[in-house]
Structures are given as structure tokens and as C-alpha cells.
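Read the structure below first, then the notes.
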Amino acid sequence: MTESELTESEPPGAAGHPAPAVLVGPVPAPGGGPARVPGPGAVRSRPAPYDARGPREPGPRGRCAEAAVRRYLDRRPEATVVALGEGLGTGFWRLDNGRLTWLTVAPPETAAVRRILLPDGPRRRTVARAAADHGWLDAVPEPRRGVVVTAAGVLMRLPPPEVRALLAACAERFPGGALVFDVLPRRSAALARRCGALAGGRWPAPVRWSLDRAELPRVASAHPGIVAVRELPLPPARLPAAPRGRSAPYRQRVPVLRALLPLVCEVRFAGP
């Protein structure tokens with residue numbers, strides 16, 4: 001779960017991000033047990049001290065996905081951005097062009113906490129639904145204006161049939177839209193499952209769906225309305241540093257290492 005956001009009416013913090021509130025009480029950890037929603041007075045009105053280095057920015061996968069969303073908004077500036085499983089993210093403040101609509105889709109426990117910290121604004125609201133519960137599709141206003149769905153860390157934790165069903169539903173309901181997601185290759189997914197078992201269930205939900213790069217074209221078979229599927233290039237990672245004499249991103253140039261790297265993919269849907 002990323003750092004918290006505040007409402008649009010409150011003054012922004014460093015680098016244009018909202019200054020985070022102080023939460024008194026537990027916040028549900030990803031993949032943990034049932035969340036205990038803080039009661040009245042759990043959120044203090046004063047902002048928490050900001051780290052002198054400023055707010056934390058997304059990693060390479062997050063920056064890659066946000067770049068794809070920006071490109072879509074360049075074409076359709078009044079589109080709706082649907083952030084599946086966003087938690088308490090700051091994507092709205094990084095991507096807001098003053099015209100888009102933002103919809104966060106989160107499980108009810110997480111949505112309850114988000115609404116306490118981030119009350120809905122004129123162009124931003126939270127829907128209490130699981131990603132696999134297609135009821136959230138009905139909450140998207142005016143799909144004809146465009147819809148781009150982001151699913152960071154979401155699809156890989158769904159069973160394969162639910163992934164196909166979600167892709168098909170989006171292709172059916174959002175003509176001219178797009179979906180951006182990340183996924184682990186099969187070897188990396190198997191390693192993640194083994195590590196999760198060794199951690200005794202303390203890790204987030206297990207990885208259930210994986211995809212090798214050679215299998216990417218198969219995604220289009222989920223629905224005839226899927227007209228394009230492509231892997232997006234990752235920006236250079238800041239860590240670890242490239243070996244002496246090698247230029248970054250060296251990991252993407254070594255076949256063995258590249259085969260283990262997560263994919264960030266964009267699916268485009270046929271227009272009306």
C-alpha cells in the first residue's frame with residue numbers, strides 16, 4: 001500500500017503531493033486479515049511532518065504504467081482512470097489534468113479506511129468492490145469519454161479464469177479503452193509462491209496468474225474486442241547500480257535476468 005493522500009480541498013505537500021494525515025489506529029496490510037476501521041477521531045487534522053526528501057515516487061513499474069496513462073489522457077483528456085487495488089495511492093495528484101475522473105476500486109475494508117483519509121472529491125471517488133467483482137464497471141461515468149484501467153499487482157493474484165473474465169468484461173464495456181497491468185513471468189511467479197510459503201502466510205496474497213513474454217499474444221484471445229497487446233518498456237531502475245563498465249538498464253540486456261523481470265503490459269480495446 002502506497003503513502004496516503006488527502007482531499008483536493010487541502011493544501012498540497014511537497015512536490016505537489018498532498019501532505020499525509022496522521023492515522024491513529026491500524027491500517028490493513030496487503031493480504032492480511034480483516035481490517036479494523038479506525039473510528040471517529042482516528043485521523044488528526046494536522047498534517048504529519050514530511051520527509052525532507054519529499055514524497056516517495058513510484059518504482060520503475062509504476063512510472064511505466066503512469067506514462068501509459070498519460071499517453072491515453074493526451075488523446076482523451078476527459079477519460080475516467082480506474083485504479084484497481086490502489087489502496088492509499090497518490091496517482092491522482094501525479095496524473096490529474098484538471099479534466100479527468102478518478103475511480104479507486106478497493107475491497108470494502110480498504111475502501112472504508114480510504115474514505116476516512118480521502119473523502120470523495122468532485123472528480124475522485126472510491127468504490128468498495130473487489131477487482132473480480134464486475135459491479136464496479138457500472139460505477140464508471142460516461143465510458144464514451146474514454147476509460148483507462150490500471151491494475152498494479154492485481155491480475156497476478158487472481159485465478160486465470162477470473163483474469164480472462166475481467167479482460168473480457170472491460171473489452172465489452174469500455175470500447176476504445178485500455179488496461180495497463182503488471183505480471184510476473186512463470187519462473188518468477190514460482191519463486192514468489194515458494195517464498196510466500198516459507199514466510200508462513202505473512203506475504204500478500206499468492207501469485208496465481210503468470211505470463212511469459214512469449215505468451216503475451218494469447219491475452220487477446222480473452223475477447224474479440226481486444227485489438228492490441230504489448231509490453232511496455234521499463235524505465236531504467238535506480239537500484240541496484242549497474243556493474244562497472246556496464247550501462248543501465250543492464251538487467252534487461254542479459255537474457256537470463258530479463259526472463260525473470262516483471263512485465264508491464266497495455267491492452268487496447270476496439271473503438272465503438
Side-chain angles (χ1 to χ4, degrees), residues 30-31 61 65-66 68-69 71-73 75-76 78-87 89 91-92 95 100-111 114 120 123-184 189 204-211 215-232 262-272:
R61 277 185 284 171
E66 289 188 354
V69 174
R71 289 192 293 270
Y72 188 90
L73 293 172
R75 301 192 305 272
R76 309 188 74 167
E78 296 184 346
T80 296
V81 180
V82 181
L84 298 180
E86 183 186 23
F92 173 82
L95 296 171
L100 62 81
T101 299
W102 191 277
L103 206 66
T104 294
V105 178
E109 297 87 354
T110 304
R114 182 179 176 93
D120 292 346
R123 293 183 293 106
R124 176 178 53 80
R125 68 189 187 99
T126 299
V127 175
R129 298 273 188 173
D133 179 352
H134 296 176
W136 62 262
L137 282 82
D138 297 326
V140 176
E142 300 185 88
R144 61 182 179 80
R145 295 180 181 269
V147 181
V148 55
V149 182
T150 66
V154 173
L155 299 192
M156 68 177 75
R157 306 195 188 281
L158 298 179
E162 293 188 8
V163 174
R164 290 182 61 86
L166 181 59
L167 289 168
C170 290
E172 185 74 27
R173 298 284 296 273
F174 304 144
L179 187 149
V180 181
F181 67 93
D182 58 352
V183 64
L184 295 178
V207 176
R208 298 178 178 178
W209 180 64
S210 55
L211 188 72
E215 299 173 309
L216 200 54
R218 298 182 186 178
V219 174
S221 67
H223 192 276
I226 296 177
V227 296
V229 183
R230 66 180 183 126
E231 180 183 3
L232 302 174
L263 295 78
V264 178
C265 307
E266 180 185 52
V267 177
R268 293 189 180 183
F269 309 130

Check whether any side-chain heavy atom of [X] lies under 4.5 Å from a side-chain heavy atom of [Y], and answer yes or no.
| X | Y | result |
| --- | --- | --- |
| Pro160 | Trp209 | yes |
| Leu84 | Trp136 | yes |
| Ile226 | Arg268 | no |
| Val219 | Cys265 | no |
| Phe174 | Leu179 | no |
| Leu232 | Arg71 | yes |
| Leu155 | Leu211 | no |
| Leu167 | His223 | no |

Could you check whether Glu86 pairs with Arg114 (Lys NZ or Arg NE/NH1/NH2 to Asp/Glu carboxylate O, under 4.0 Å)?
yes

Between Val127 and Val82, does the side chain to side chain contact (heavy atoms under 4.5 Å, CB included) criterion hold? Intermediate values first, please.
CA-CA 10 Å; Val127 175; Val82 181; over 6 Å; no

Distance-minimising heavy-atom pair for [X] and [Y]:
| X | Y | value |
| --- | --- | --- |
| Gly176 | Tyr72 | O-OH, 2.9 Å |
| Pro141 | Thr101 | CG-CG2, 4.0 Å |
| Leu216 | Glu231 | CD2-N, 3.5 Å |
| Pro108 | Ala128 | CA-CB, 4.0 Å |
| Asp120 | Thr126 | OD1-N, 3.1 Å |
| Ala222 | Ala168 | O-CB, 3.6 Å |

So does Gly153 get a backbone contact from the side chain of Asp182, meaning a donor-acceptor N/O pair under 3.5 Å?
yes

Would you say Arg76's side chain and Arg144's backbone share a donor-acceptor pair under 3.5 angstrom?
yes

Rounded distance [0.5 Å steps], CD in Glu142 versus OG1 in Thr80:
8.0 Å

Going from CD on Glu162 to CG on Asp133, what distance comes out if it is rounded to the nearest 0.5 angstrom?
10.0 Å

Would you say the side chains of Arg164 and Ser221 form a donor-acceptor pair under 3.5 Å?
yes

In terms of heavy-atom contacts, does CZ of Arg230 have more than 12 from other residues, nucleotides or ligands at under 6.0 Å?
yes

Test Arg124 against Thr104 for side chain to side chain contact (heavy atoms under 4.5 Å, CB included), laying out the working first.
CA-CA 8 Å; Arg124 176 178 53 80; Thr104 294; 5.5 Å; no

Should the pair Phe92 and Trp102 be assigned to parallel (<30°), tilted (30 to 60°) or perpendicular (>60°) ring geometry?
perpendicular

